[in-house]
Amino acid sequence: MLRFSSKRLLGIASKDLPSPAVQIVPRFYHERVIDHYNNPRNVGSFDKNDPTVGTGLVGAPACGDVMKLQIKIDEKTGKVVDACFKTFGCGSAIASSSLATEMVKGKQMDEALTIKNSEIAKHLSLPPVKLHCSMLAEDAIKAAVKDYEAKRAKLANGAESSSVEKVSNA
């Protein structure tokens, strides 16, 4: 529906299509939301078992939006080298996810954690009723970083315990 409405608003909808039986009151999304919705960046997923990948899965029970955002970290530099998402939700949720993946790429993990929902909402010109979408994107970034750090800690503990076993067996 958003795709059809955006095409009608931009004047590129097919004139041959019959008008819907029910009159739909268009919601006016900002052109950046429509752009990220129609041409989402970084859609996809990484292997969640990859130790360089952090996965954040968040949802909003109130509206049913679910967002999975994944980041791939360069272990030497600590930079986000790639990011991707899969989102089930409204156009604003998809646009927020798409923008969030673009914003985290190339940043250190600490920098990625400083991305706030207000930056995402401002860039997309989200109306107040859609601010929860940008909050989900911020939460997804934080969850992905937390997941990556948990994997690193687990690997570090596993390496420690195996070296302790080797010393005790010697």
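For the numbers below, each heavy atom of this structure counts, side chains included, while hydrogens, waters and symmetry mates do not.
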Would you compute the distance between atom NZ of Lys107 and atom CD1 of Ile115 and round it to the nearest 0.5 angstrom? 5.0 Å
Taken to the nearest 0.5 Å, the spacing of His30 NE2 from His123 NE2 works out to 8.5 Å
Would you say Lys154 and Lys151 make side-chain contact, with heavy atoms under 4.5 Å? no
Return the CG to CG distance between Leu69 and Asn42, rounded to the nearest 0.5 Å. 9.0 Å
Those residues at least two apart in sequence (or on a different chain) that pass side chain to side chain donor-acceptor pair (under 3.5 Å) with Ser97 are Thr87
Could you walk me through whether Cys90 and Asp65 pass side-chain contact (heavy atoms from CB on, under 4.5 Å), step by step? CA-CA 7 Å; Cys90 66; Asp65 292 344; 3.8 Å; yes
Enumerate the salt bridge (Lys or Arg N to Asp or Glu O under 4.0 Å) contacts for residues 41-64, please, sequence neighbours excluded, ordered by first and then second residue. Asp35-Arg41, Arg41-Glu102, Asp50-Lys72
Interatomic spacing from CZ in Phe85 to CD1 in Ile94 - rounded to 0.5 Å: 7.0 Å
Pairs involving residues 75-95, ordered by first then second residue, that meet salt bridge (Lys or Arg N to Asp or Glu O under 4.0 Å) (sequence neighbours left out): Asp82-Lys105
May I ask you to list the residues sharing a hydrophobic cluster with Val81, side-chain cutoff 4.5 Å, ordered by chain and number? none
Taking every heavy atom of Val104 against every heavy atom of Ala112, the minimum-distance pair comes out as CG1-CB, 4.2 Å
Working to the nearest 0.5 Å, report the span between CG of Leu126 and OG of Ser118. 11.0 Å
Can you measure from OG (Ser96) to CE (Met103) and round to the nearest 0.5 angstrom? 10.5 Å
Least distance between heavy atoms, Pro61 atom then Gly59 atom: CD-O, 3.7 Å
Throw together a table of side-chain donor-acceptor distances under 3.5 angstrom for residues 133-143, partners on residues two or more places apart or in other chains.
from   : atom 1 : to     : atom 2 : distance (Å)
Ser134 : OG     : Asn117 : O      : 3.4
Ser134 : OG     : Leu131 : O      : 2.8
Glu138 : OE1    : Asn117 : N      : 2.9
Glu138 : OE2    : Lys142 : NZ     : 2.8

Cluster question for you: counting only ILVMFWY and a side-chain heavy-atom cut-off of under 4.5 Å, with indirect links fine, are Val80 and Leu99 together? yes
Leu113 with Val53, same ILVMFWY side-chain cluster at under 4.5 Å: no
Least distance between heavy atoms, Ser92 atom then Tyr29 atom: OG-CE2, 3.3 Å
List the residues meeting side chain to side chain contact (heavy atoms under 4.5 Å, CB included) with Arg152, not counting sequence neighbours, and say none if there are none. Met109, Tyr148
Are Leu124 and Lys130 close enough that some pair of their side-chain heavy atoms sits under 4.5 Å apart? no
